[in-house]
Structure formats: structure tokens, C-alpha cells
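Quick notes on the structure that follows.
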2 protein chains.
Amino acid sequence: MEAKDSKKIFGWSGPAAGAAIFRIIKEIGPLSRTEIVKQTGLSKSTVSVHTKKLLEMGLIKKEKEKTDKAGSVGRNRQLLKFAKNNGYIIAIDLGATGLNVALCNLDAEIIEMKVSDILVNSGPKKVMNKIDQLIKELLESNQLEQKKIFGIGMGVPGPVEFSKGLPVSPPIMPGWHLSPLKQILQEKYKCPAFIDNDVNVMAVGEKHAGLAQDVSNFIFIKIGTGIGAGIICEDKLYRGSKGCAGDIGHIGIEGEEELCPCGNRGCLEIVAAGPAIAKKAKAAAKNRESEILLKILNKKGDLTAKDVGEAVRRNDLAAINIVKNSGQKIGQVASRLVNFYNPSLIIIGGGVAKIGNHLISAIKEEVLRRSTSLAVQDLRIELSQKNDEIAVIGAAAMAVNEIYSHDNVTEMMYLDGSSK
Amino acid sequence: MEAKDSKKIFGWSGPAAGAAIFRIIKEIGPLSRTEIVKQTGLSKSTVSVHTKKLLEMGLIKKEKEKTDKAGSVGRNRQLLKFAKNNGYIIAIDLGATGLNVALCNLDAEIIEMKVSDILVNSGPKKVMNKIDQLIKELLESNQLEQKKIFGIGMGVPGPVEFSKGLPVSPPIMPGWHLSPLKQILQEKYKCPAFIDNDVNVMAVGEKHAGLAQDVSNFIFIKIGTGIGAGIICEDKLYRGSKGCAGDIGHIGIEGEEELCPCGNRGCLEIVAAGPAIAKKAKAAAKNRESEILLKILNKKGDLTAKDVGEAVRRNDLAAINIVKNSGQKIGQVASRLVNFYNPSLIIIGGGVAKIGNHLISAIKEEVLRRSTSLAVQDLRIELSQKNDEIAVIGAAAMAVNEIYSHDNVTEMMYLDGSSK
DNA sequence: ACTAATTTGTTTGACTTTCGAACAAATATT
DNA sequence: AATATTTGTTCGAAAGTCAAACAAATTAGT
């Protein structure tokens, strides 16, 4: 069923009208047949034939209400839309200190999400067992058979060789190196599985259902324990030649000397990410620069970036300065990316993004100051609006994109009739 | 003849097998029909029919000698190749202080090149007249009628709105702002014309006929009067959302304070490009740090980056240090791009690239030191091998790519029979 | 030389996909 | 109820593709 290798290079995937019609319905639907004719340039008859087949196959469905029409007179149009509830996707967002597993529909909408606080460094065996358990719970509570799961998408906090679904030397995932996650999931659930870096997955999420839905070129920056970026280029995820594009956490900041576990000094993430903020806050507390921080430190015995966020919310000057300082450093790096990549949007997400507006305004200020005027002309810099779910949404969207790729749909429609 | 707007979004450009066959012949030809069958997955009959049509249309031709065959027995294969001499392209490379106009074939090979030292700041009228004159000379000396010119490609030293072919506020091209170059050329020569930034054009040249032919993701860095980069992403030129991607000359270098005409301080190009090298060389000469430089300065009354190159070749320590210093700064910026973009190749070109090996080795050293190990794992950094022609080649290749785009070829083959 | 085997490329007839035009359906206006 | 208008389907023709048969060119082996 797999196409020949050569096809991937100079592909001829068979007649493509059917797949084009499906794609347009999925992406800008609901649409009437007449509207599809206008959009694609195909003939009425072709659209009619293919929509009929797509309806039979269950890939699309009719909008229930016969809604408004275009003109004032004439027959009502019959809107067609993607059959997003025809199957389900399991989406997994594995973080350093937490695990989200969600049941999603085929439009990557979350139906139910399970949250666990398992640690990634407890190793793949334990974590994969937990995932297994959560999936079972999700299937049960929604009374779904396994065969209704069309695919699995997963984001992990480290570099991944995407095609094979293998983590490669992930710094914060000891024991996961080359663990065959894709294979494990595929064999257990008898469906395709796709694994990628968490930041990539989040970028895909923003493209699919977040702030970037109408944006072709943007950068998603995640600020958490580390700092990383996901790059969308001409509407598609860009992974780079070795799959490590967007690894901006280890860009050096001039004048910073702190040693990073990576071996270099002054890396962005070691001086500006969550732990750096916490560390500076502790110093500020001990130096009595901030009453609030000191109080929290004394009470809990430790300080986290979250606590700094709390202090910021209470207008603590020291905390605000710490956050601003991080923002400036991130903005410094971002400004260079803007000159080079000229995106029309930068989205800031990750745990530390919740720390308050001072972070993003410092980033903005720095980017506006340092980037060329043409590059910032239509640039927006915004906070992720679905920070807690975007990774799960993205993992599901990634799986859906792969499953309903143009070639796959062509194959479904023309080569055999038996969908799934 | 132009497709509807909507088609550009969810295009159905008609049956595509013919165009796929053409493309594979053009890009990895010469090929026999049997080899095309293997590569594309199409049937023998389809390939036979379409190659026949392509031959009739003159888009491809038979290899003259019946060459070697695959196995030891059996009929000889008939190799088919792109008919690269079926028409011609005019390629124009406009630089700050020079103008190259070349007659190229459809594979962007230079047939004859005219060089002029006209200054870009003498304005569009004068320059366009000169271009006109050179084209006329080229056509005459090669006894070509105008209708044999299938298209025109042009690179200019400043930002361009590609789709309209308009320079937008180009800093070193006073008087060219919004000058309708595309329109002028199209009307005068009755063929499509394409205008882009010179660095973009050079990147396309390296992809088509230079060091990057087999590379999908790379960056071309031009070091001359300014510094800019051309980005190839998944085999295609990436222009960014406002068309100014790759504008790395105005990335700030920490600790540098020199004021740039752009308004910021310490921009890469103001501290590391050709003029900066010349300026430092003058200072070194005056401070008697270098005998050689002083001698040249006294003789010519001025020093250029080229003179520094000469001094480097004569092992002048001061000159070498100046060059190394520039290389380090460029390498510092490049290392960040490597982390972010993860290319598999960086090509260094432009006038200053000729200054000798110290420049590129300094860049390499800096990138290897500062970038993550995964990102530099298979990274090559190389000097452009066709520095003087690559812009012209790229301008021609850009035009050819547009003229023979998949959709255009499909249209030629299926919609009417009349090519051109 | 002649035959067999092998590889390349073409032709043929059947099948599939697409289109244009005629037709059918649904709705507003008169 | 008749008419105009818009939406969607059906049908026969045209175009594109394929598998299989056929033709051509070449080597190897008698």
C-alpha cells in the first residue's frame, strides 16, 4: 500500500481532483458544491461526483440546517463540511514535569483531557505505562472501541527524529534516547503514530486552531524550563536539515558568562528561562530587594518562576525587573530572528509566558528597537491564548495532517474503496 | 490565460502527468522513457504519449548519441533531455558599481556576458538605457530575433516587491523607489520578466548550478558593500512575509557602537562589510601597523577591501587580523542562524568573499564554537565557486523556474497546443 | 547467420476521470 | 400558478491513463 520510494521525489499520485475537493472542504469549509466549483475551477459534474463519493466514504458530511444562501432567490445551498467526528485521535503532550493525554476529534478538538504529574525522567517504561492507562480510561469513559482511533500524535520535550519517531539524546529525558515510541504506540493501538518535539507540535497547534490560523510564516517561542522555537514556513512545519531547527535556547547572549550544561557560556535559556528567573528571584530575596519574594521563600523554602509571577502581579519591583530582564534577552534573540526570517507573527508560549505582561512587552520593545523597519512593519508579537492545551491540539493536528495528507486521501478515494 | 485567483489557493491545474514527466526530465535528465516509468510510477504508455508530445512541442529533445544502456543485453535506450537551447533568457545582475547582462540558454548557462561599470545611483533611466543597449548588442552578436527571448531575470541591490517587480526604498539605489522595472522590461521585450533582490538571485543560482544543487535547506551570505542572506527552504527561495527575509546586515553586534545609516548602532554590515574593512585598513596604515597597506595607501590615495585582500595575500599581519575580525563578527551572526535554521550548507559569496581564506576560516571557527553540536553535525560552510557569475546564473534560473513552473507547463501541454 | 533472450519503446482497446450541456430541484418574485 | 434564479445531478462525449499485446533493437549462444 506504501508508494514506491521514487514516487516521493517526482510524485504522480493519481488523479487529484477528489483529494483537492476534500482538502478545500476540510480547510475552508463548510462550503456548497457551487462554491467549491468557484474555488477550484473544477466542473460542476466533477464536484458533484466526488462529493458524493466523499459523503459515501464518510469523509465529509452535510451541514444539518439548510442555512442561508448566497443570493436572495433560488434553491438553498447544501453546505458540506469535514466529518470531524467520524473518528478520533489520541493526543499526548509529554512535558518535563507533566503529562497530558487527550481524546480529540478529527479536527483536533479536545473531547476529554487527562492530566498527570508524572516526571519524564522516571523513564520511558513507567511513562508509557501511564499513557497506556490514561488512554484506556479515555476510551472507556467515552465508550469508544480502539478501532475508532485513527491515529496518535505526541509531543516530547527534546529532539526527535521525526520519520522514525525516535528521541535523540534528549537532555532532559535521560533514558529515552532512541526509545521506539512510534513503534510502541503503533503496535499497541494498530494505527499510525507521529512523534515530534513539543515546540514543533505547539507551533502546529497555533497554526491549526490558535492565533496563527491565517498566518503562513511565523515563529512560536516556548519559554519554560528551556527556550525553544517552532517554525512554520509557508504554512508547513520546518524542521531543518537535521531536525533541530528552532533550537534557539543555546544562542549565546553577549556579556553573560553562566555555564550551560551544553558546554557553552551565556546561552539564552540558562540566563532567561524559568530556572534563571527563579535563581535571580532567590538572590533578590536574600539581598532583601523584595519583601514579597522573601516572604514566599521563607514560607516555601524555595522559589519558582511561578512565584515570581505572583510577585509581579502584586507589583513587586524586583520581580518585575527580573522578568523584564529575561524579556529583553529573549527579545534580543527574537529581533535577530525577525531580521533573518521576516515572520508576520511571533507567538510566546510555555509556562513562563504566564508570568505577566512585562515579559512580552519587554520582548516587543526590544524587537521593535533592534529590527529593521520593513521587517517589523506588519509584525505581531502575541501571547499564546491556549497555552495549556495548544500542545495537545497540535499533537492531534499533526496526526490528522499526516493521516489526511493529499496522497493518502487520493489513495483512499481511488485505489480501493475501503476507507480505514 | 491567467488562472483565477482562487486557483492559486486550492489549485486544480488539470491532469499533471505530462508536467511531472517534463519536470523530471528537466531536473534529473537525461533519462530514458523506462527510467521515467520507474521514477514516476506512471505506465509505459502514458510516458510514451507525453514524451512524444513534449518532443513535438520542442520542450525536450533526444540525446544525439545512443549512449550506454542499463543492462548488457537488449535494445539501447533513447535518452531524453531538456531542450535547453530552444529559447533564450536575458539575465541582468545590477550591482552597486557594476552591471552584468548575459544571454543565457534555458538551463541558465551563460552564452555571452556583457560587463559595464555603470553606477546604480546614476538612476533608473540611464541604467535601463544601458541595459537596453547591451541586450541589443547581445542579440545582434548572436544573431537572435527578439522573439527567441523567452524571459528576463534581474537581480538588483536592494529590497524588491517580487510579484510587482518594484524596488522598495532601496538604500543604495536613490531614485529607484517603485520604478516599474518588471513592466518596462516586459513591454519592451514582449516576454515575462522577474525582478528580485540580488542576494535571493544568487541563492537561486547556487541551487541551480552551484554548490547547493543537491541541498534543500541552505543560506547564501553575500559580503560586499553590505551583508545580506538568501534563504533556500525545502528547495525553494524563501522571501519572508514582507519580502525582506535574509536581511542580516542590520543585526546588531554587541559592543559595537558605530552608527549605521539605518539609524541603529553596531549593525553587522557597518562593522564587518567591505567599507568597514577598508576603513580599518586605513587606520592601520596611518598607525604604521602595516607597511604594505601604507604603501598602497600612499600610492593610490585610498584603500579598498580589495587592497586588503592583496595585503593578506602577501601575509600582512595587520590585514589578516582585520579580515579575521570581520569573519568573527559574521560568524557570530551565522552561528545564531545555524541554531535557528539548521541549514546543511552556508555559502559565502560577494566581493569581499574573494579576500582570502582567513575570512571563511574565521567564520567557520566561530560557527563551530557557538552553535549546537547537532546543528553543525553535517553543516558545510563554503566559498562560492562562481562568485562573479552566480547572480547572472541565478537571475536566469529564476526566470526559467517561473516560466516552466508546473502550472505553466500543464497549461502549455493540455489547454492549447501552441507553446509560447 | 540464425535463434532465443532481453530490454526499450509504441500501439491498441478498455477503463477512468473530467467536462459541458441538458435536466431536475428548490426557492423568491410576480 | 408562472417565471426567474440559484443549486445540484445526470448523461454522453472527450480526454487521460493503464495493462497487455506488439514492434524494435540489441546481445548471447549456438
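These numbers come from the heavy atoms of this one structure, side chains and all, not from hydrogens, waters or symmetry mates. Chain letters run A, B, ... following the sequence lines, proteins first and then strands; every chain starts at 1.
- His208(A) and Asn401(A) share no side-chain donor-acceptor pair at under 3.5 Å.
- Between Asn76(B) and the phosphate of dA25(D), there is no side-chain N or O to OP1/OP2 separation shorter than 4.0 Å.
- The separation between Glu63(B) atom CD and dT8(C) atom C1' is 16 Å, rounded to whole Å.
- Note that Arg239(B) lies in the cation-pi zone of Phe162(B), set by a 6.0 Å cut-off to the ring centre and a 45° limit from the axis.
- Note on Thr51(A): nothing from the nucleic acid sits closer than 4.0 angstrom, heavy atoms only.
- The CD1 atom of Ile21(B) sits 13 Å away from the P atom of dG9(C) (whole-angstrom rounding).
- Side chains of Ser43(A) and Thr46(A): a donor-acceptor N/O pair is present below 3.5 angstrom, by distance only.
- In this structure, Lys148(B) forms no cation-pi arrangement with Tyr88(B), as its terminal cationic atom is not both closer than 6.0 Å to the ring centre and no more than 45° off the ring axis.
- Spacing between atom CG of Leu54(B) and atom P of dG9(C) amounts to 15 Å, rounded to whole angstrom units.
- A straight line from CD of Glu35(A) to P of dT7(D) spans 8 Å, rounded to a whole angstrom.
- Regarding contacts with the backbone of dG9(C), every side-chain N or O of Lys52(B) stays at 4.0 angstrom or more from both OP1 and OP2.
- Between Ile60(B) atom CD1 and dG9(C) atom C1' the separation is 13 Å, expressed in whole Å.
- For Gln78(B) and dT7(C), the CD to C1' distance is 14 Å, given to the nearest whole Å.
- Atom NZ of Lys61(A) and atom CG of Leu79(A) lie 13.0 Å apart (nearest 0.5 Å).
- Residue Thr34(B) has no polar side-chain atom (N or O) positioned under 4.0 Å from OP1 or OP2 of dT7(C).
- dT7(C) atom C1' lies 14 Å from atom CG of Leu79(B), rounded to whole Å.
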**Nucleic acid footprint by protein, nucleotides 15-24 of chain D - heavy-atom cut-off 4.0 Å, B for base, S for sugar-phosphate alone** = -SSBB---BB
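- Side chain to side chain, Ser32(B) and Glu35(B) meet the donor-acceptor criterion of an N or O pair below 3.5 Å.
- The distance between atom CD of Glu56(B) and atom P of dT10(C), rounded to the nearest whole Å, is 12 Å.
- The closest side-chain donor-acceptor pair between Ser344(A) and Asn217(A), if any, does not fall under 3.5 angstrom.
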